[in-house]
Amino acid sequence: MAKRIQIKDILNTSEFNRQVTIMGWVKTFRNNQFIAINDGSCIHNIQAVVDFNNTDETLLKRITTGAAVAVTGNIVESLGKGQKVEIKVTDLEILGDSDPEKFPLQPKKHSLEFLREIAHLRFRTNTFNAVFKIRHSLSFAVHQFFNEKGFVYMHTPIITASDAEGAGEMFRVSTLDPDNMPRNVDGSINYKEDFFGKATNLTVSGQLEGELAAMAFGNVYTFGPTFRAENSNTTRHLAEFWMIEPEMAFYDLDDNMDLAEELLKYVIKYALENCADELEFLKERLLEEEKSKPAAERSELDLISKLKFCLDNEFERLTYTQAIQILKSSKPNQKKQFKYLINEWGADLQSEHERFLVEKHFKKPVILTNYPAEIKSFYMRQNDTDENGKNTVRAMDILFPGIGEIIGGSQREERLEKLEQRMHDMNIPTEEMSWYLDTRRFGSAFHSGFGLGFERLVLFVTGMTNIRDVIPFPRTPKHAEF
RNA sequence: UCCUAAGUAGCUCAGCUGGUUAGAGCAUCUGACUGUUAAUCAGAGGGUCCCUGGUUCGAGUCCAGGCUUGGGAGCCA
């Protein structure tokens, strides 16, 4: 048997009449002679042609959808129309049978809901092949972007003892026996007996540790798993997701926004350049899917045009106060079509408001800045009270069409007294956060950072609509299969 | 967690104002055909109509409760 080569290296070859061996999985077997084989090296299949008159019938019977095969044969120009190149089979071996009565994937369209139930097999579909190739490329592009800029990739801890990050409910990490918890005299659980000698949780953010590193390296980023025990059941939340969190010393809010916009454009451009086949497939898939929708609900741009549009246009930057003014005088607000009407400054923006701004008003990505201090986290830098007596913080949220908030960030409060006051006001214990406050005690410097939800980015680039379809094995409330 | 829609064959779905033996396409199996592109043609098998209870002479269909899934909302990335 010749040395195995990958299908992607054959499909565009012009060197015919040479013998090759390929290995992959059968997608379809047509007309008792045409096997479509995919080995994952690219989204396209190669057609292997079997001489069924001179092939053992029991072997032919075993060429079924899903079976793993090794095929040796000659590369020839295809006589058929669908492909340029095919393999004339001289030797065929079944590496792994696939019982056609039981294999759930058929050469037909399956619903994403069904495929979610067989997530261990859905990699073998064209759609998920494309999605996870793009996920890989985006991930690689993120590292390349930061590496080119001299950022240091920092591995912040996954197990953390601080519960003051304020980013949501946490998963407890413990080796205590749940049926026999050690108790203090007052009945509370004695965490001194636990593995770490204190209560610990899975991280909800690497930001605080990132800030510590930024105060030495200048520019750092994290890219790792993040855990939130929120009972969220939406198309854009996961209990376990991946987040990219850069943190930069000597960056103000404008620098922060510039970096975020540059990062997003860089990785989208990388995907366009390196995943053309996959994006083309997903584009067609979306167009096909939208055919059944009423014209009003269809996208104005196809997937690839949408991504290019995103590259070619500046993100719209405006303050929370400006957004409120636009929303207040907007048609849906005037006509009372919003479920939550915008009446006054200070209201938290609901999804419907964000969608209006992004999808109807500006029709492009939007960066909102300078939110009311009351609705934002303790670590955000406080602006001076304005002429109307409003208190705002230097926050910035980047909103994407169809996704909502893809990035949340801020310039950080570097002034010790202001930070301590704010923590006190928000009932955040300063004693156990002393290590964090040390950055403000010794050589404090203005700095900024943000969190980019990686799966939300993958959603946007692939055009998928449910976040459970862009992570291999989604963890959501009541679901931790595989 | 709240609102909302749905759950019928392996998959995607139809099944009217309650009525006798629950259907289609694809998949599977058998046969035919053999340059196909989700091959085609003929035939066959395949059902706890989500579960529990109720109304009724009679329930896939109506009612109640539960379970599961989709969509929307909140929390956020």
Side-chain angles (χ1 to χ4, degrees), chain A residues 27-36 44-53 60-61 64-66 76-83 86 88 98-118 125-126 165-169 204-207 223-245 260 292 297 338-340 348-355 375-377 397-400 403-409 450-460 465-471 476-479:
Chain A
K27 299 298 278 274
T28 63
F29 183 36
R30 288 184 297 269
N31 221 355
N32 216 20
Q33 53 182 330
F34 303 107
I35 319 172
H44 303 295
N45 306 324
I46 193 153
Q47 174 159 292
V49 187
V50 188
D51 178 5
F52 62 92
N53 285 316
L60 289 173
K61 287 262 179 241
T64 57
T65 303
V76 294
E77 234 170 315
S78 179
L79 298 171
K81 279 193 180 136
Q83 58 283 317
E86 65 188 21
K88 266 244 170 326
S98 175
D99 183 347
E101 299 262 17
K102 291 177 183 154
F103 187 62
L105 293 173
Q106 304 156 15
K108 61 164 274 190
K109 276 221 165 70
H110 292 287
S111 67
L112 294 172
E113 292 83 8
F114 173 67
L115 293 171
R116 228 169 271 152
E117 289 171 18
I118 50 165
T125 64
N126 292 330
E165 286 156 0
E169 292 296 310
V204 293
S205 164
Q207 178 196 320
F223 187 171
T226 310
F227 308 88
R228 306 244 168 117
E230 301 286 347
N231 189 13
S232 297
N233 295 287
T234 77
T235 53
R236 56 192 186 284
H237 287 89
L238 290 164
E240 176 184 288
F241 64 101
W242 290 67
M243 188 155 64
I244 297 139
E245 294 178 288
S292 59
E297 286 175 31
F338 282 142
K339 198 173 166 208
Y340 299 90
D348 209 347
L349 298 182
Q350 308 291 320
S351 304
E352 58 180 349
H353 306 133
E354 296 180 351
R355 293 183 78 113
I375 59 174
K376 287 289 182 184
S377 307
D397 284 358
I398 302 188
L399 311 176
F400 263 34
I403 311 288
E405 187 178 343
I406 196 166
I407 279 181
F450 60 84
L452 165 62
F454 185 58
E455 283 76 17
R456 291 188 181 175
L457 173 66
V458 182
L459 270 184
F460 181 73
T465 51
N466 192 316
I467 202 162
R468 293 165 198 152
D469 296 329
V470 298
I471 189 166
T476 54
K478 302 279 181 288
H479 288 287

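Per chain, numbering begins at 1; letters A, B, ... match sequence-line order. Quick note: numbers below take in every heavy atom, side chains included, and nothing from hydrogens, waters or symmetry partners.
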Inset, instruction - Provide the distance between the two P atoms, one in C63(B) and one in U17(B), to the nearest whole Å. - result: 13 Å
**Prompt:** Under 4.0 angstrom, heavy atoms only, what part of the nucleic acid is Thr28(A) near: base, sugar-phosphate, or nothing?
**Reply:** sugar-phosphate
Taking A73(B), A38(B), U69(B) as options, the one with an atom nearest any side-chain atom of Arg236(A) is A73(B)
Smallest heavy-atom separation, Trp242(A) atom then Glu455(A) atom, equals N-OE1, 3.0 Å
Practice task
Can you tell me, in whole Å, how much space there is between the P of G70(B) and that of A24(B)?
Solution key: 30 Å
Residues at least two apart in sequence or cross-chain that pass salt bridge (charged side-chain N to carboxylate O under 4.0 Å, His left out) with Lys27(A), listed by chain then number, are none
Quiz item: Ser232(A) side-chain donor-acceptor pair to C76(B) base, under 3.5 Å: no
The reported gap from CG in Asn53(A) to CG in Asn32(A) (rounded to nearest 0.5 angstrom) is 9.0 Å
Here the distance between atom P of C26(B) and atom CZ of Phe114(A), to the nearest Å, is 18 Å
Result for 5'-nearest mapping on RNA chain B, choosing between Thr465(A) and Thr65(A), is Thr65(A)
Do any N or O atoms of the protein come closer than 3.5 Å to N or O atoms of nucleotides 41-49 of chain B, and which pairs are they?
none

P atoms of G74(B) and C57(B), separation to the nearest Å
50 Å
With heavy atoms under 4.0 Å as the rule, sort Thr234(A) into base, sugar-phosphate or nothing.
base
Taking a pair to mean Watson-Crick or G-U wobble geometry with both distances below 3.5 Å, U1(B) pairs with A73(B)
Whole-Å distance, Ile471(A) CD1 to A77(B) C1', equals 12 Å
Atom CZ of Arg355(A) and atom P of A73(B) are separated, to the nearest Å, by 6 Å
message: Taking any heavy-atom pair under 4.0 Å as a contact, classify Ile407(A): base, sugar-phosphate, or nothing.
response: sugar-phosphate
Which value, in whole Å, describes the distance between the P atoms of nucleotides U37(B) and U28(B)? 16 Å
His237(A) NE2 to A73(B) C1', in whole Å, measures 11 Å
When both distances are under 3.5 Å in a Watson-Crick or G-U wobble arrangement, the nucleotide paired with G65(B) is C51(B)
Rounded to whole Å, the CD-C1' distance (Glu117(A) to G10(B)) equals 12 Å
Taking a pair to mean Watson-Crick or G-U wobble geometry with both distances below 3.5 Å, G46(B) pairs with none
Just to be sure I understand the rule, does Pro104(A) reach a base, reach only the sugar-phosphate, or reach nothing, if contact means heavy atoms closer than 4.0 Å? nothing
Think Ser351(A) has a side-chain N or O under 4.0 angstrom from the OP1 or OP2 of G74(B)? yes
From CD1 of Ile375(A) across to C1' of G74(B) the rounded distance in Å is 15 Å
Testing U12(B), A77(B), C11(B) for proximity to the side chain of Ile467(A), the answer is A77(B)
Tightest non-hydrogen contact, residues Thr465(A) and Thr235(A), listed as O-CB, 3.4 Å
Quiz item: What do you reckon, are the aromatic ring centroids of His353(A) and Phe338(A) less than 6.0 Å apart?
Solution: yes
As its Watson-Crick or G-U partner within any shown strand, both distances under 3.5 Å, C26(B) has G10(B)
**OP:** Using the C1' atoms only, state how far U20(B) lies from U61(B), rounded to an integer number of Å.
**Re:** 15 Å
| task | Mark yes or no for whether Arg116(A), through its side chain, and Asp469(A), through its backbone, hold a donor-acceptor pair below 3.5 Å. | result | no
Problem set entry | Phosphate-side-chain proximity, His110(A) and A38(B), N/O vs OP1/OP2 below 4.0 Å | no
query = Which whole number of Å gives the distance between the C1' atom of A59(B) and that of C51(B)?
reply = 16 Å
Letter by letter from the 5' end, nucleotides 30-37 of chain B scores (B base, S sugar-phosphate only, - none; protein heavy atoms under 4.0 Å) S---BBBB
CZ (Phe223(A)) and CD1 (Ile244(A)) are apart, to the nearest 0.5 Å, by 4.0 Å
Interatomic distance, CZ@Phe103(A) vs CD1@Ile118(A), rounded to 0.5 Å, equals 7.5 Å
Closest to the side chain of Phe241(A), out of A77(B), C75(B), U28(B), is A77(B)
Is Gln350(A) close enough to G74(B) that one of its side-chain N or O atoms is under 4.0 Å from OP1 or OP2 there? yes
In whole angstroms, the gap separating P of C13(B) from CD of Gln106(A) amounts to 13 Å
Quiz item: Any side-chain N or O of Arg468(A) under 4.0 Å from OP1/OP2 of G70(B)?
Solution: yes
- Would you say Ser111(A) reaches U12(B)'s phosphate, i.e. side-chain N/O to OP1/OP2 under 4.0 Å? yes
| Can you tell me how far P in C49(B) sits from the matching atom in C29(B), rounded to whole Å? | 27 Å
Arg228(A) atom CZ is separated from C75(B) atom P, nearest whole Å, by 13 Å
message: Students often get this wrong, so: under 4.0 angstrom with heavy atoms, is Asn466(A) touching a base, only sugar-phosphate, or nothing?
response: sugar-phosphate
Which of U12(B), A77(B), G70(B) is nearest the side chain of Arg116(A)? It is G70(B)
In short, Glu352(A) meets Tyr340(A) closest at the heavy-atom pair OE2-N, 2.7 Å
So CG of Asp397(A) and CD1 of Ile406(A): to nearest 0.5 Å the spacing works out to 12.0 Å
Here the pair of heavy atoms bringing Glu245(A) nearest to Gly206(A) is OE1-N, 2.7 Å
Atom P, compared across C2(B) and G45(B): separation rounded to whole Å
47 Å
message = Main chain of Thr65(A), side chain of Ser98(A): is a donor-acceptor contact present, judged purely on distance under 3.5 Å?
response = yes
Looking only at heavy atoms, the pair that brings Arg30(A) and Thr28(A) closest together is NH1-OG1, 3.0 Å
